[in-house]
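A quick write-up on the structure given underneath.
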Amino acid sequence: MADILIIDDDRSQLRLVSRWLEHEGWSVHTCDRGSDGLDALKDMVPEAVVLDLYLNGENGLELLRTILERHPNLPVVMLTSESKVDVVV
C-alpha cells in the first residue's frame with residue numbers, strides 16, 4: 001500500500017482528506033505543521049504530498065520549494081480554501 005503525506009493545519013480538512021484517501025486504499029500520514037511535515041519526509045518518501053497553501057504561521061509555497069529541493073520528483077498537490085482566482089490559479 002502506497003503512502004500519502006498530508007500537511008494541513010485545519011484539522012477538519014486533514015480528517016476529511018485523510019479519510020477519503022484511506023477509503024481509496026492509501027496509507028495516510030498526517031501533519032498539522034509544515035515543520036512536522038519536513039521532519040516526516042526525513043523518515044519516509046511518500047508517493048505524493050497533499051499540502052495546504054496557507055499554514056498557520058508558515059507559507060505553503062515556501063514549504064513546497066523546500067520539499068521539491070529535497071525531493072525533486074515527488075508529486076505535491078496543493079490545497080486551499082482561498083477563493084480568489086489570482087491565488088488559486
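One-based numbering along the sequence shown. For the numbers below, each heavy atom of this structure counts, side chains included, while hydrogens, waters and symmetry mates do not.
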Item to complete: Kindly determine whether Asp9 and Asp52 satisfy side-chain contact (heavy atoms from CB on, under 4.5 Å), including the steps that lead there.
Response: CA-CA 8 Å; Asp9 62 335; Asp52 187 14; 3.1 Å; yes

Item to complete: Any chance you could lay out the side-chain contact (heavy atoms from CB on, under 4.5 Å) test for Leu63 and Ile7, step after step, and finish with the verdict?
Response: CA-CA 10 Å; Leu63 188 60; Ile7 306 170; 4.2 Å; yes

Practice prompt. Would you check, one step at a time, whether the test side-chain contact (heavy atoms from CB on, under 4.5 Å) holds for Val17 with Ile4?
Written response: CA-CA 11 Å; Val17 175; Ile4 299 284; over 6 Å; no

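For the atom pair CG (Asp8) and CG (Asn56), the distance works out to 11.0 Å, reported to the nearest 0.5 Å. Taking OH from Tyr54 and CG from Leu79, the interatomic distance works out to 13.0 Å, rounded to the nearest 0.5 Å. Here Cys31 contributes atom SG and Leu55 contributes atom CG; the two are 10.5 Å apart, rounded to the nearest 0.5 Å. Expressed to the nearest 0.5 Å, how far CD1 of Ile6 lies from CH2 of Trp26 amounts to 11.5 Å.
Counting only heavy atoms from C-beta outward, the side chains of Ser27 and His29 approach each other to under 4.5 Å.
Cluster membership check: Leu14 shares its hydrophobic cluster with Trp20, using side-chain heavy-atom separations under 4.5 Å among Ile, Leu, Val, Met, Phe, Trp and Tyr.
Taking each heavy atom of Leu74 and Pro46 in turn, the nearest pair found is CD1-O, 3.1 Å. Across every non-hydrogen atom of Gly37 and Leu5, the tightest pair is O-CD2, 3.8 Å.
For residues 24-47, the salt bridge (charged side-chain N to carboxylate O under 4.0 Å, His left out) pairs, not counting sequence neighbours, are Arg11-Asp32, Arg33-Asp36, Asp39-Lys42. Each salt bridge (charged side-chain N to carboxylate O under 4.0 Å, His left out) pair with one or both residues in residues 62-77, not counting sequence neighbours, would appear here, but there are none.
Within the 3.5 Å criterion, the main-chain N or O of Ser35 finds a donor-acceptor partner in the side chain of Glu58.
Checked against side chain to side chain donor-acceptor pair (under 3.5 Å), Thr66 has no partners two or more places apart in sequence or in another chain. In this structure, the side chain to side chain contact (heavy atoms under 4.5 Å, CB included) partners of Val76, at least two apart in sequence or on a different chain, are Val49, Leu51, Leu64, Ile67, Leu68, Met78. The side chain to side chain donor-acceptor pair (under 3.5 Å) test applied to Asn59 returns no partner, not counting sequence neighbours.
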